Amino acid sequence: MLKAYDEQLRTDAETPGAVSVSRHGPLRLITFDGGRGFISYQDLDGADEAGIEALVAAAVAHFDADPAIEEVEWKTRGHDVAPGLHEILVRHGFAPEDPESIMVGEARLLAVDVPLPDGVGLRSITSAEDVRAAGIMQDGVFGSPTSEGRLEDLVRRLAAGESEMWVAEADGEIVSAGRLDPVAGTEFAGIWGGATLASWRGRGIYRALTAARARTAIALGKRYIHSDSTEFSRPILERSGLIKVGTTTPYVRRFD
């Protein structure tokens with residue numbers, strides 16, 4: 001499954017909705033709406049420490065030349081051969097965030113019936129009002145600032161059929177939310193942004209939300225589900241049959 005992940009996802013399939021994609025050696029330098037940059041690659045072509053230093057410097061210069069860029073993420077994977085990458089990224093102003101588990105598994109293992117607590121219902125959303133409410137809830141759970149540009153981009157992607165957003169509600173309040181991103185041209189769909197209010201955790205809501213997304217993935221002909229999971233969601237996905245195949249750590253550089 002890790003081989004399928006590397007071969008199918010670490011390509012342009014990884015970044016739907018990109019405004020632009022530039023290449024520098026093995027790097028893909030991606031720009032998204034909302035002033036976001038993203039750096040990824042399948043591997044670093046066997047670069048030694050000096051070669052990696054040059055790649056990082058070139059990536060920083062690329063995004064530094066765009067005044068609209070507010071922050072850039074360099075996505076690392078724990079199984080890559082990348083001598084000195086951590087130290088080089090830090091020297092160039094990137095700060096590591098919490099590592100996450102790369103989870104991969106069969107969609108059919110997640111598409112199960114999960115009972116919901118009384119008064120809780122699931123539905124998919126597309127309207128800007130609903131997406132904004134879900135985004136604010138998710139940002140509150142993750143402790144992140146709300147980006148209007150990111151929310152506008154998500155509304156556009158939902159309207160274009162590039163993503164699907166599901167929420168769980170109780171008494172008109174969104175208590176859990178998560179996104180499904182089918183990856184065109186691959187066997188994969190990603191589940192992202194899963195968040196549940198603390199007072200509603202431990203009741204099966206997140207698992208039911210995941211099952212709903214998995215059923216959609218299967219209907220679209222996808223075999224695998226993948227996700228970069230926090231320690232909150234990893235045990236739930238493991239109980240459903242997904243496997244931790246590696247780790248990923250985002251390094252973020254914010255531009256003044």
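Worth saying up front: this structure is predicted, and the values here are computed from it rather than measured.
In this structure, a donor-acceptor pair under 3.5 Å is absent between the side chains of Arg150 and Ser144. Between the side chains of Ser40 and Glu14, a donor-acceptor pair is found at a separation under 3.5 Å. Inspection of the Ser163 and Asp181 side chains reveals an N or O donor paired with an N or O acceptor under 3.5 Å. Side chain to side chain, Asp228 and Thr248 fail the donor-acceptor criterion of an N or O pair below 3.5 Å.
Hydrophobic clustering places Ile174 together with Val155 (ILVMFWY residues linked when any side-chain heavy atoms are closer than 4.5 Å, directly or through intermediates). Under the 4.5 Å side-chain heavy-atom criterion for ILVMFWY residues, no single connected hydrophobic cluster contains both Tyr206 and Leu116. By the criterion of side-chain heavy atoms lying less than 4.5 angstrom apart, applied directly or through intervening Ile, Leu, Val, Met, Phe, Trp or Tyr residues, Phe142 is not grouped with Val252; the two fall into different hydrophobic clusters.
Here the shortest heavy-atom pairing between Lys222 and Ala107 reads O-CB, 4.2 Å. Looking at every heavy atom in both residues, Val183 comes nearest to Gly190 through CG2-N, 4.5 Å. The shortest heavy-atom contact between Ala214 and Ile225 is CA-CD1, 4.4 Å. In plain terms, the two heavy atoms of Ala217 and Ala189 that are nearest each other are CB-CB, 3.9 Å.
No side-chain donor-acceptor contact under 3.5 Å links Asp45 to the backbone of Ala47. Side-chain N or O atoms of Lys75 include none that pairs as donor or acceptor with a backbone N or O of Tyr41 at under 3.5 Å. The closest donor-acceptor contact from the side chain of Ser101 to the backbone of Thr247 lies at 3.5 Å or more, if one exists at all. For Arg203 (side chain) and Ser199 (main-chain N/O), a donor-acceptor pair under 3.5 Å exists by modelled atom type. A donor-acceptor pair is defined here as one N or O able to donate and one able to accept, closer than 3.5 Å; such a pair exists between the side chain of Arg28 and the backbone of Thr11. In this structure, the side chain of Asp66 engages the main chain of Ala68 through a donor-acceptor pair within 3.5 Å. A donor-acceptor distance shorter than 3.5 angstrom exists from the side chain of Arg213 to the backbone of Arg179, with no hydrogens or angles considered. Under the 3.5 Å distance criterion, the side-chain polar atoms of Thr126 are left unmatched by any main-chain donor or acceptor of Leu158. No side-chain donor-acceptor contact under 3.5 Å links Lys244 to the backbone of Arg234. Checking side-chain atoms of Gln138 against main-chain N and O of Gly193 turns up a donor-acceptor pair under 3.5 Å.
By the 6.0 Å and 45° rule, Arg253 does not stack over the aromatic ring of Tyr251.
Within 6.0 Å of the CD atom in Glu148, the count of heavy atoms belonging to other residues, nucleotides or ligands exceeds 12. When the shell of 6.0 Å around CG of Asp171 is examined, it contains 12 or fewer heavy atoms from other residues, nucleotides or ligands.
The pair Arg123-Glu169 meets the salt-bridge criterion, since a charged nitrogen lies less than 4.0 angstrom from a carboxylate oxygen. No salt bridge links Glu87 with Arg91; every basic N to acidic carboxylate O contact stays at or beyond 4.0 Å.
Tested against Leu209 for a side-chain contact (heavy atoms from CB on, under 4.5 Å), the candidates Leu122, Leu180, Val175 yield a single pass: Leu122.
If you take CD on Gln8 and CE on Met1, they are separated by 12.5 Å, rounding to the nearest 0.5 Å. Atom CD in Glu187 sits 10.0 Å away from atom CG in Leu9 (nearest 0.5 Å). Rounding to the nearest 0.5 Å gives a distance of 9.0 Å between OG1 of Thr230 and CG of Leu237. Once rounded to the nearest 0.5 Å, the distance linking NE2 of His79 with OH of Tyr5 reads 7.0 Å. With rounding to the nearest 0.5 Å, the separation of CD in Gln42 from CG in Leu27 is 12.5 Å. If you take CZ on Arg132 and CG on Leu154, they are separated by 13.0 Å, rounding to the nearest 0.5 Å.
Here Asp153 pairs with Asp33, Arg36, Arg156, Arg157 under the side-chain contact (heavy atoms from CB on, under 4.5 Å) rule; sequence neighbours left out.
At a threshold of 4.5 Å between non-hydrogen side-chain atoms, the residues Ile30 and Ile39 do not count as touching. A heavy-atom distance below 4.5 Å is not found between the side chains of Val141 and Thr196.
Note: Trp74 and Phe63 fail the aromatic proximity criterion, with ring centroids not under 6.0 Å apart.
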